[in-house]
Structure formats: structure tokens, C-alpha cells
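One structure is given below, encoded as C-alpha cells.
Quantities reported herein were computed from a predicted structural model and do not represent experimental measurements. Side chains are part of it too, since the values below use all heavy atoms of this structure and drop only hydrogens, waters and symmetry mates. Reminder, nothing fancy here: chain letters follow the sequence lines and each chain counts from 1.
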Number of protein chains: 2
Amino acid sequence: MNATPPDGVGADRPASPVLQRKITIGDVAARAGVSKSAVSFVFNGRSGVGEEARERILEAARALEWRPDARARALSRSRAQALGLVIRRAPELLSTDPFFPQFVAGVESFLSTVGYALVLQVVDGEEAEREAYSRFAHEARVDGVFLTDLRVEDERPAELAGLGMPCVLLGSGTGEGTAPIGLDDAAGIRRAVRHLHALGHERIAHVSGSDRYVHSRVRREAWASELAQLGLRPGTVVEADFTGAAGARATHELLDDPEPPTAIIYANDIMAIAGISAAIDRGVRVPHDLSIIGFDDIPLAPYIIPPLTTVRQDVFQWGNACARALVSIVEGNEPGAIELPPVEFIVRGSTGPVRGQGEAIIEAAG
Amino acid sequence: MNATPPDGVGADRPASPVLQRKITIGDVAARAGVSKSAVSFVFNGRSGVGEEARERILEAARALEWRPDARARALSRSRAQALGLVIRRAPELLSTDPFFPQFVAGVESFLSTVGYALVLQVVDGEEAEREAYSRFAHEARVDGVFLTDLRVEDERPAELAGLGMPCVLLGSGTGEGTAPIGLDDAAGIRRAVRHLHALGHERIAHVSGSDRYVHSRVRREAWASELAQLGLRPGTVVEADFTGAAGARATHELLDDPEPPTAIIYANDIMAIAGISAAIDRGVRVPHDLSIIGFDDIPLAPYIIPPLTTVRQDVFQWGNACARALVSIVEGNEPGAIELPPVEFIVRGSTGPVRGQGEAIIEAAG
DNA sequence: GTGAAAGCGCTAACAA
DNA sequence: TTGTTAGCGCTTTCAC
């Protein structure tokens with residue numbers, strides 16, 4: 001749509017007043033009375049331009065509302081100045097997952113300060129995910145990617161390395177090699193277990209996420225080891241998939257046990273909330289008969305009945321830190337130390353003291 | 001970092017086995033024994049290449065794992081082959097809002113079929129939003145943008161036009177000029193009102209979103225007009241901001257009325273769920289004393305106690321349709337007719353028959 | 001400290 | 001039908 005003057009020579013002014021030619025670095029240079037490279041230098045924070053010229057250049061750019069064209073810049077610097085995020089989620093989890101929007105917001109909070117863009121891709125299967133990364137790499141759309149939902153024996157880091165695509169791994173716990181950046185889920189779970197123990201609970205079950213994910217496994221292991229630490233018998237674990245339906249199902253399964261748990265720790269809030277419903281549906285009172293703990297602290301958690309006791313992570317800061325690290329990596333700098341806020345444990349109404357055996361018997365006899 | 005052979009002539013094979021040169025269209029052309037333009041033509045679906053040559057080119061590209069570099073392509077075609085989405089949300093709403101992830105997924109579902117990328121920007125204020133659009137435009141990062149949360153007397157369409165940035169408006173209801181693409185919120189609200197009316201309710205209140213948004217206003221007006229249509233007295237409306245806290249506050253305000261409503265329709269599920277809690281906290285039973293209807297059908301809605309009656313929109317399809325329309329626009333084609341699925345009304349346990357005056361009196365007297 | 005010129009990898013007009 | 005060539009707008013080396 002842009003009208004380019006027919007004469008190939010750079011015209012001083014656009015001939016047509018209607019369809020204006022795109023303003024380029026040349027226009028700014030001309031207006032400031034300097035060369036293109038001078039303008040380039042100023043906009044790339046390099047020395048070699050006098051203070052006075054620099055001022056004129058900035059002024060000209062402002063007047064012309066000019067900014068370096070990202071496409072041209074990307075081409076000549078062989079860098080897209082963009083980062084990629086591939087989100088693989090089952091559709092039914094998408095609108096519920098509190099992680100993704102907050103993480104993106106955190107990433108953006110850093111990227112916008114350094115002029116990077118975030119390119120998003122949402123996929124729903126393994127093949128589509130692989131294809132997405134492959135496209136990012138071959139089309140050179142992005143300079144690096146975030147790898148979320150780290151899996152057990154995950155092949156993606158190696159595949160990305162093969163594509164020459166820098167990445168940061170989002171993972172909980174400590175990994176060897178390329179250390180993942182993550183919040184300390186395990187600490188949150190351990191605090192949950194201790195909280196229940198302090199309330200007198202001894203049969204503490206766990207509804208986990210899919211065991212293929214590192215974060216699921218980390219949470220489950222933290223639960224199991226803390227149980228052992230406190231000298232409690234191993235608890236029952238039911239594997240679910242983070243959906244409300246699965247949380248309800250797992251809860252029923254647990255409560256069907258002849259010796260049901262008096263408390264359940266869920267791998268996320270959605271399952272925990274569905275668990276509350278499931279329990280109440282079968283006449284099990286929360287927290288009177290059953291204490292329930294979630295994970296995430298979704299904004300709805302305080303507005304459930306009873307309000308949900310849960311573990312809160314600062315996903316926004318996590319995203320910010322990951323973005324910071326990835327930009328450092330793609331720019332060839334040493335990523336500085338990463339400081340993430342600790343997880344918080346939020347006690348609300350869904351947990352309470354265990355109802356003693358004696359009390360139960362008396363009640364039954366009465 | 002790439003080692004470019006010192007000789008400018010296109011070498012047959014990369015000289016260095018370690019740092020391999022990036023593969024370009026020239027390599028593919030050489031391998032297939034054709035010119036670069038032949039390769040370009042094939043990859044842009046243009047005629048002018050013989051079937052046999054075409055086959056060789058595709059084969060060569062496959063062997064070399066080559067795809068057109070998005071940056072170079074963007075520069076020479078003056079098109080980024082990317083679309084932008086600026087999301088402006090208060091942080092506390094981000095992780096709850098069911099719209100954004102689903103919309104993005106829907107957008108992607110179309111974009112990935114046509115090789116467009118989605119560039120995201122999350123901002124939290126008016127100035128930042130303006131700046132984001134300005135950057136998209138001046139840096140030519142994207143070819144068009146989605147404009148969400150259309151506001152009353154919104155200046156953004158005009159600003160975008162001034163920047164020469166194509167856009168599609170996401171809006172409910174019908175607008176004149178550039179027609180927004182949207183689902184029919186109003187129909188959902190009207191069905192909610194009729195549902196309550198059929199259950200005998202006559203005092204039906206509404207907790208709306210901020211009145212600055214077109215969608216808030218559309219929903220409120222649908223509620224008010226349907227009330228009138230049914231011959232009911234005008235109901236009370238309380239303006240809130242889509243958060244749980246605001247929903248709870250609005251609910252208390254409504255129930256404090258000497259003549260409180262017997263049913264409340266909320267502008268989203270979060271506020272409705274918080275409303276249920278607020279009601280129960282003050283001894284008002286749902287749905288026995290108060291019927292509650294939400295909007296969105298978040299995945300948690302069936303797992304609340306009582307399960308939430310609500311209006312469901314197919315945001316995924318909405319996103320898909322918007323993407324389709326925007327791509328048509330930026331490619332200069334006539335956007336085809338847009339067919340969006342109708343909203344659904346989901347009846348669950350949070351609504352029930354109104355408790356008659358008589359019954360209340362009898363109970364009070366008893 | 002400044003300017004000229006050669007790319008970055010692709011597309012597209014034009015010539016053969 | 002095929003190949004040649006001139007950009008797209010910026011960065012960056014290298015003379016001046």
C-alpha cells in the first residue's frame with residue numbers, strides 16, 4: 001500500500017502528500033544533518049556520536065515519530081529480538097490454569113523494558129509442540145524459548161539444543177546440567193504437611209498431577225518424605241490430571257477407603273475445590289471431617305466455602321526472572337544469580353483439627 | 001556467532017564442520033539446481049515452476065531442513081506475518097480471567113494454519129497500552145491487532161487508524177462503522193432473566209462490570225430491557241469490577257436492602273461465586289433464599305456448592321473467527337461472513353424457584 | 001567523530 | 001518457464 005517514489009533515488013520529501021512513504025533511518029539522518037550510521041549508533045547506545053549531534057538525532061526521530069523497524073533490525077543483526085513461549089495444554093485446562101497468564105505477565109514485565117517481544121504459540125499435542133519449536137528455530141522467529149511443564153526424562157532440552165535454540169527450563173526443584181529456574185514447590189508441600197500434622201492429622205493423602213511432570217513428582221515426593229520425617233505412616237496417593245473432574249473422582253476414591261484419610265493435599269486448587277464439593281456431596285464435612293489443602297492460591301480460593309487453605313507461588317516474579325535469564329543467555333551474557341520469592345502457605349478455613357477417634361466413637365454411640 | 005566463509009561466493013558446502021553456516025534459500029536453489037526465485041515461488045505458492053523442478057526444490061528443502069527465514073521475508077514483503085494482542089488487565093484479574101487464555105488458543109488455532117505468529121503484550125495501564133500499540137506500529141512488528149474490551153467512546157480504533165494499523169474489534173452487540181466481532185452476550189442475559197422469571201422471581205438484581213466497557217453495558221441493558229419486557233419492575237444494579245472481592249461487596253450491598261432481590265445475575269462467574277459465599281456467610285441460603293447466575297461458565301462452575309447456573313460462550317471459536325477476519329484484512333481480502341456459535345445457558349443448582357411471600361410468612365410465624 | 005558501502009535472506013519486477 | 005537484479009531498512013566494518 002505504501003507509495004514508493006518511482007525514482008529509485010532517495011527523494012528529499014515524499015512526493016505524494018496522501019500516501020506517505022514509510023519513514024526510515026535515512027529520513028531521520030537527513031533531518032538531523034548526519035549520516036545513517038550516526039542515527040544507528042545513537043539508537044544502539046554506542047559511543048561515537050557527539051553530544052550535540054546526538055541531541056539533534058533524538059529530536060529528529062521524535063519529530064518524525066521514528067523507531068527502528070524491528071524487521072530490518074532483526075535481519076541485519078541476525079536476531080529477532082523476540083522470545084518464544086509454547087504452551088501445551090488440554091483445552092479444558094486452559095481457561096483455568098492460573099499459571100499461564102501470570103507467567104506471561106511476569107515475562108512481559110521484563111521484556112517490555114528491553115524491547116523484546118513475546119511470541120506465543122498454543123498447541124495441544126506432542127507433535128504440534130515439536131513442530132512449534134521447529135518453526136521457531138528454522139524461521140528464526142525468536143531468539144530463545146521458555147520450556148514449561150518439564151517432564152520426567154524430557155527430550156525437549158536436547159531437541160532444542162539440536163536446533164541451536166537457547167532456552168530456560170522452568171522447573172521446580174534442582175536439576176543438574178542446565179539448571180531449571182523454579183519456585184520451591186516442595187517447601188510449600190512440606191509446610192502443608194506440617195500444618196496438618198500440627199492439627200493432629202495422621203492419615204494425610206495426596207492427589208497428584210500426572211506423574212510424567214517433574215513438578216508433580218516433586219510435590220508428591222515432598223509430601224511422602226515429610227510424612228516419613230514426621231514419623232507418620234505412608235499415605236495414599238491418587239494420580240489425577242489437574243482438572244476438577246479428576247479431583248472429584250480422586251476424592252471419592254480416597255473416601256471410599258475403609259480407612260479414609262482425615263486430610264488431603266491436592267496438587268492444585270481446582271482439584272481441591274472439586275474435592276470439597278465431592279466430600280460435601282457425600283456428607284463429609286470440610287474441615288470438620290476432612291481437611292483440604294490446595295496449591296496455587298487462585299483468586300477464587302478465599303471465596304469458596306470453606307475458604308481454601310493453599311500454597312501460594314509468585315508466578316509473576318517467576319516469569320520476570322525467567323525472562324531476565326533468557327535475555328541474558330541470548331545476548332551472550334552471564335545470567336546473574338536468580339532470586340525468587342519463597343512460596344507462602346495460606347491458612348484459611350478448609351483445614352482444621354482432626355476429629356479424634358474417641359469423639360467419633362462417642363458420637364456414633366450417642 | 002555463525003561462521004561465514006570469508007569468500008563471498010556461495011560455497012557448495014560449509015567449509016567448517018563445527019560452526020555451520022545458516023542454510024539459506026541459495027543453498028536450496030543450488031542443491032535443486034534452480035534459481036533462488038524458483039525456490040521462492042514454490043514456497044509462496046505461485047505458478048511458474050515446472051512440476052519436476054518443484055519436486056526437486058521441495059526435496060532439497062526437506063533434506064536441508066530449510067524454511068524461509070521469517071525476518072528476511074518480513075523485510076522484503078513489508079509484512080511481519082504476525083498479529084498483535086495487547087492485554088490490559090489488573091494483575092489480580094489476570095490469573096482468573098477465563099477469556100484471555102481461551103481467546104489466545106482460538107486465535108492460534110487459525111494462525112498456525114496460515115503461518116502467522118501471535119505477538120503478545122500484557123500491560124496494566126492506559127498509557128502503557130497506548131505505548132504498546134505505538135510500538136507495534138512503528139516497529140512494524142505486527143500487521144494487525146486485536147482490540148479487546150471495547151470501551152464506551154473508545155478512542156483506540158481512531159488511534160490505530162492513525163497509526164495505519166489494521167484491527168478487528170472484539171465487542172458484543174452490534175456497532176456501526178467497523179463492526180465489532182462478538183458473541184451475543186445480550187441473548188445470554190435475556191435467557192437468564194427469563195429463566196428466573198419462569199421460576200417466579202420478580203426482584204432480579206444485577207451486579208455489573210465497569211460501565212466503561214461496552215460488554216458491561218450491553219449486559220446491563222439486556223437485563224434491564226428484559227425485565228421491562230416481562231413487565232417486572234426495574235431491578236437494582238450495582239457496579240463492580242469483575243473481582244471476587246467486588247462481587248462479595250456488591251452482594252452484601254444488595255442484601256442489605258430492606259427489600260432485597262430474590263435473584264442476582266452477575267456479569268461474570270467469579271463475582272457470582274464470591275456472591276454465593278457472601279450470601280451464605282450471612283445466612284442467606286442459595287438457591288433457597290437467593291438464586292444466583294454467573295457468566296462465563298468457568299471450569300470450576302460445576303464444582304461450586306451449589307453448582308453455578310451460568311451463561312457459556314465459546315471463546316475459542318470467537319478467537320478463531322477474529323483471527324480469520326484479521327488475516328483477511330491485513331492480506332487485503334474481503335473478510336467472509338463470520339458465523340459464531342450462539343451462547344448457551346447452563347442451568348445448575350444455584351437457581352431455584354422463588355420462595356413465596358406466603359411461605360416466608362408462615363415460616364416466620366411458625 | 002563521521003560517512004560510504006557491503007551485507008542480512010528473502011521477494012518480485014524484469015529480462016531472457 | 002527460468003534466471004538476474006534491485007531493493008526491503010537497518011547494522012557494522014572500514015576508510016576518511
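Across the protein-nucleic acid pair, A:K22 atom NZ and D:dC10 atom C1' stand 10 Å apart, rounded to whole Å. One can place CD1 of A:I25 at 14 Å from C1' of C:dA5, the figure rounded to the nearest angstrom. When the P atom of C:dA13 is taken as reference, atom CZ of B:R77 falls 12 Å away, rounded to whole Å. Rounded to an integer number of Å, the gap from CD1 of A:I23 to C1' of D:dC10 is 16 Å. Atom CZ in B:R71 sits about 10 Å away from atom P in C:dC10, given to the nearest Å. Distance A:L75 CG to C:dA6 P: 17 Å, rounded to the nearest Å. Between the P atom of C:dG9 and the CZ atom of B:R79 lies a distance of 22 Å, rounded to the nearest Å.
Here the side chain of B:R156 pairs a donor or acceptor atom with the backbone of B:T148 at under 3.5 angstrom. Not one N or O on the side chain of B:S40 forms a donor-acceptor pair closer than 3.5 Å with the backbone of B:K36.
Residues A:R141 and A:A82 approach most closely at O-CB, 3.8 Å, considering heavy atoms. When every heavy atom of B:A323 is checked against every heavy atom of B:L111, the shortest pair comes out as CB-CD2, 4.1 Å. Across all non-hydrogen atoms, the minimal contact from A:V327 to A:L83 is CG2-CD2, 3.9 Å.
Within a heavy-atom distance below 4.0 Å of DNA chain C, the residues of residues 31-65 of chain A found are A:V34, A:S35, A:S37, A:G48, A:V49, A:G50. Contacts between residues 132-145 of chain B and DNA chain C, defined by a heavy-atom separation under 4.0 Å, are absent.
In this structure, A:E65 places its CD atom where only 12 or fewer heavy-atom neighbours from other residues, nucleotides or ligands lie under 6.0 Å away.
With rounding to the nearest 0.5 angstrom, the CZ atom of B:R79 is 5.0 Å from the OH atom of B:Y116.
In the set D:dC10, C:dA12, C:dG9, the nucleotide with an atom closest to the side chain of A:T24 is D:dC10. Side-chain proximity of A:S76 to the nucleotides C:dG9, C:dG7, C:dT11 is greatest for C:dG7.
Between A:F99 and A:F103, the ring planes lie parallel to each other; the angle is under 30°, not in the 30° to 60° tilted range.
Tested against A:V86, the residues A:L147, A:V123, A:V145 include a single side chain to side chain contact (heavy atoms under 4.5 Å, CB included) partner, A:V123.
When the side-chain nitrogen and oxygen atoms of A:R73 are compared with OP1 and OP2 of D:dT11, one or more of them lie within a distance under 4.0 Å.
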